[in-house]
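Okay, so here's the structure we're looking at.
Residue numbers begin at 1 in each chain, while the letters A, B, ... track the order of the sequences.
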Protein chains: 2
Amino acid sequence: MVTIVVADDHKIVREGLIRLLEAREDFTVIGEAANGDEAVALVMEKRPDIVLMDINMPKLSGIDATRQLGKAGCQSKILVLSMHESRAYVEEVLRAGASGYVVKNSASTDVHNAIDAIQSGASYLSPAITQQVVDAIARPGDGGPSGVSMLTEREREVLELIAEGLSSREIASELGVSLKTIDSHRSNLMDKLDIHKVSGLVRFAIRAGLIEA
Amino acid sequence: MVTIVVADDHKIVREGLIRLLEAREDFTVIGEAANGDEAVALVMEKRPDIVLMDINMPKLSGIDATRQLGKAGCQSKILVLSMHESRAYVEEVLRAGASGYVVKNSASTDVHNAIDAIQSGASYLSPAITQQVVDAIARPGDGGPSGVSMLTEREREVLELIAEGLSSREIASELGVSLKTIDSHRSNLMDKLDIHKVSGLVRFAIRAGLIEA
DNA sequence: CCATTATTAGGAGTAAACCCCTAAAACGCA
DNA sequence: TGCGTTTTAGGGGTTTACTCCTAATAATGG
């Protein structure tokens with residue numbers, strides 16, 4: 001019997017997931033959490049085999065919760081449930097110590113398969129994701145760490161301020177440097193990310209978790 | 001027997017919802033859609049009693065889909081499922097012609113109750129929502145309609161394209177009007193929202209669910 | 001029928017964004 | 001010590017964005 005804890009901030013989604021899980025007779029849900037804090041506490045207490053963890057949760061994100069459980073030496077395998085298919089997310093989730101990544105746009109059988117896989121010690125990535133990871137590896141140019149990690153500290157800082165709505169002049173004054181310097185950083189980070197519009201930068205910054213929407 | 005169509009862009013959520021609905025023997029799900037366009041087509045074809053519609057969907061949002069169905073004279077009652085509890089959303093959803101508004105953080109029984117209610121011609125709002133609506137009615141002048149609902153159809157459209165990264169020129173060509181027209185819409189919507197930068201518009205559009213991050 | 005609003009369009013101008021270059025000082029690293 | 005990277009800074013240019021005006025047409029609503 002595989003014991004499972006479900007963490008998702010939407011009760012109705014949680015209920016649906018539990019039904020989907022318990023359609024398998026060898027799965028049993030022994031607890032549910034509505035945010036990251038609750039999830040960590042519950043998992044430490046119940047020690048389930050599997051944690052089905054949503055990424056977007058208040059207080060503590062699913063990624064941070066995963067990270068904390070890892071540091072605490074928790075043996076439960078974590079299967080992250082996400083609505084994002086972007087490479088950046090997958091990287092971060094796996095780095096945080098999760099054993100699997102399933103997009104919400106999956107069939108219930110995918111979740112079953114994922115649990116079977118990580119229960120036996122393997123990793124599991126949604127079919128939709130595997131392709132992206134393969135693409136990322138195949139592409140050497142921007143291949144490495146996608147996005148934020150290819151930026152320097154300063155560029156990240158500038159990007160954040162741009163996304164927060166400051167003009168280049170305001171950023172220059174904020175950081176105590178010349179307008180032209182910000183212009184350089186701006187150009188450089190735009191080249192690195194291959195995003196050449198403010199709108200794109202904002203969305204990137206949000207996806208990357210640099211700022212909140 | 002109450003016939004239902006479920007529209008949500010996440011397959012796994014859709015599956016969960018269907019299970020929750022079919023736990024009631026007098027409910028039967030006769031179709032499912034993964035985006036707004038599909039939903040409209042499917043509902044026009046199948047003519048269900050109820051449409052359980054998510055707001056955040058690609059191509060055509062649940063709100064726009066609701067609006068289209070209303071204009072087409074569709075008799076199906078629409079129950080909107082949303083993760084947002086903000087007043088602005090509820091306003092717009094009801095204005096679009098939906099019969100009910102249920103937040104995702106509800107129990108399945110709430111959805112059952114909502115369907116019973118709107119099936120008998122009533123409206124249904126999640127408990128979490130009712131208070132907000134009452135508040136909004138109580139002080140009409142104060143906050144006013146905050147956000148999206150104060151924009152016109154065209155302004156919303158332009159905002160969406162701005163947030164998606166199109167330049168004014170591209171938007172003009174996309175919508176088949178003059179650059180100056182887009183400039184007008186842009187100015188007007190910026191005045192209405194009191195947001196005067198692209199970065200702010202993008203974040204607003206994301207918060208408002210007009211686009212995805 | 002009149003008032004308001006939505007949609008369209010333009011003129012004219014300032015500010016900002018964005019693109020092309022170069023280049024110096026500082027830093028770690030091999 | 002030299003090499004790459006980061007951070008700094010600038011010159012000069014084109015293109016958008018943004019603001020301030022006006023104004024015609026159509027539709028909506030009291």
Need one value for A:H185: base, sugar-phosphate or nothing, where a base atom within 4.0 Å counts as base even if backbone is also close, heavy atoms only. base

Under 4.0 Å, heavy atoms only, any strand: does A:S178 hit a base, just the sugar-phosphate, or nothing? sugar-phosphate

Salt bridge [X]-[Y], side-chain N to carboxylate O under 4.0 Å:
X: A:K104; Y: A:D54; result: yes
X: B:R67; Y: B:D64; result: yes
X: A:D183; Y: A:R186; result: no
X: B:E170; Y: A:K197; result: yes

d([atom1], [X]; [atom2], [N]) in whole Å:
X: A:N188; N: C:dC19; atom1: CG; atom2: C1'; result: 12 Å
X: B:E157; N: C:dA6; atom1: CD; atom2: C1'; result: 13 Å
X: A:R186; N: D:dA9; atom1: CZ; atom2: C1'; result: 17 Å
X: B:I171; N: D:dT15; atom1: CD1; atom2: P; result: 19 Å
X: A:R156; N: D:dT7; atom1: CZ; atom2: C1'; result: 15 Å
X: B:E170; N: D:dT15; atom1: CD; atom2: P; result: 15 Å
X: B:L179; N: D:dT15; atom1: CG; atom2: C1'; result: 12 Å
X: B:L201; N: C:dA17; atom1: CG; atom2: P; result: 14 Å

Listed nucleotide nearest any side-chain atom of [X], set [options]:
X: B:V198; options: C:dA17, D:dT8, D:dC18; value: D:dC18
X: A:K180; options: D:dC18, D:dT16, C:dC19; value: C:dC19
X: A:M190; options: D:dC18, C:dC18, C:dT7; value: C:dC18
X: A:K192; options: C:dT7, D:dC18, D:dT6; value: D:dT6
X: B:D183; options: D:dT8, D:dA17, D:dT19; value: D:dT19

Tell me whether the count of non-hydrogen atoms from other residues, nucleotides or ligands lying under 6.0 Å of CZ in A:R169 goes above 12. no

Atom NZ of residue position B:K11 - does it have more than 12 heavy atoms of other residues, nucleotides or ligands inside 6.0 Å? no

[N] phosphate, OP1 or OP2, under 4.0 Å from [X] side-chain N/O:
X: A:R169; N: C:dA15; answer: no
X: A:S167; N: C:dA16; answer: no
X: B:S168; N: D:dT16; answer: no

For a quick check, tell me whether the side chain of B:T152 and the base of C:dA6 share a donor-acceptor pair closer than 3.5 Å. no

Side-chain-base donor-acceptor pair under 3.5 Å for A:S184 and D:dA9: yes

Return whichever of B:K197 or B:L175 has its heavy-atom-nearest nucleotide of DNA chain C closer to the 5' end. B:L175

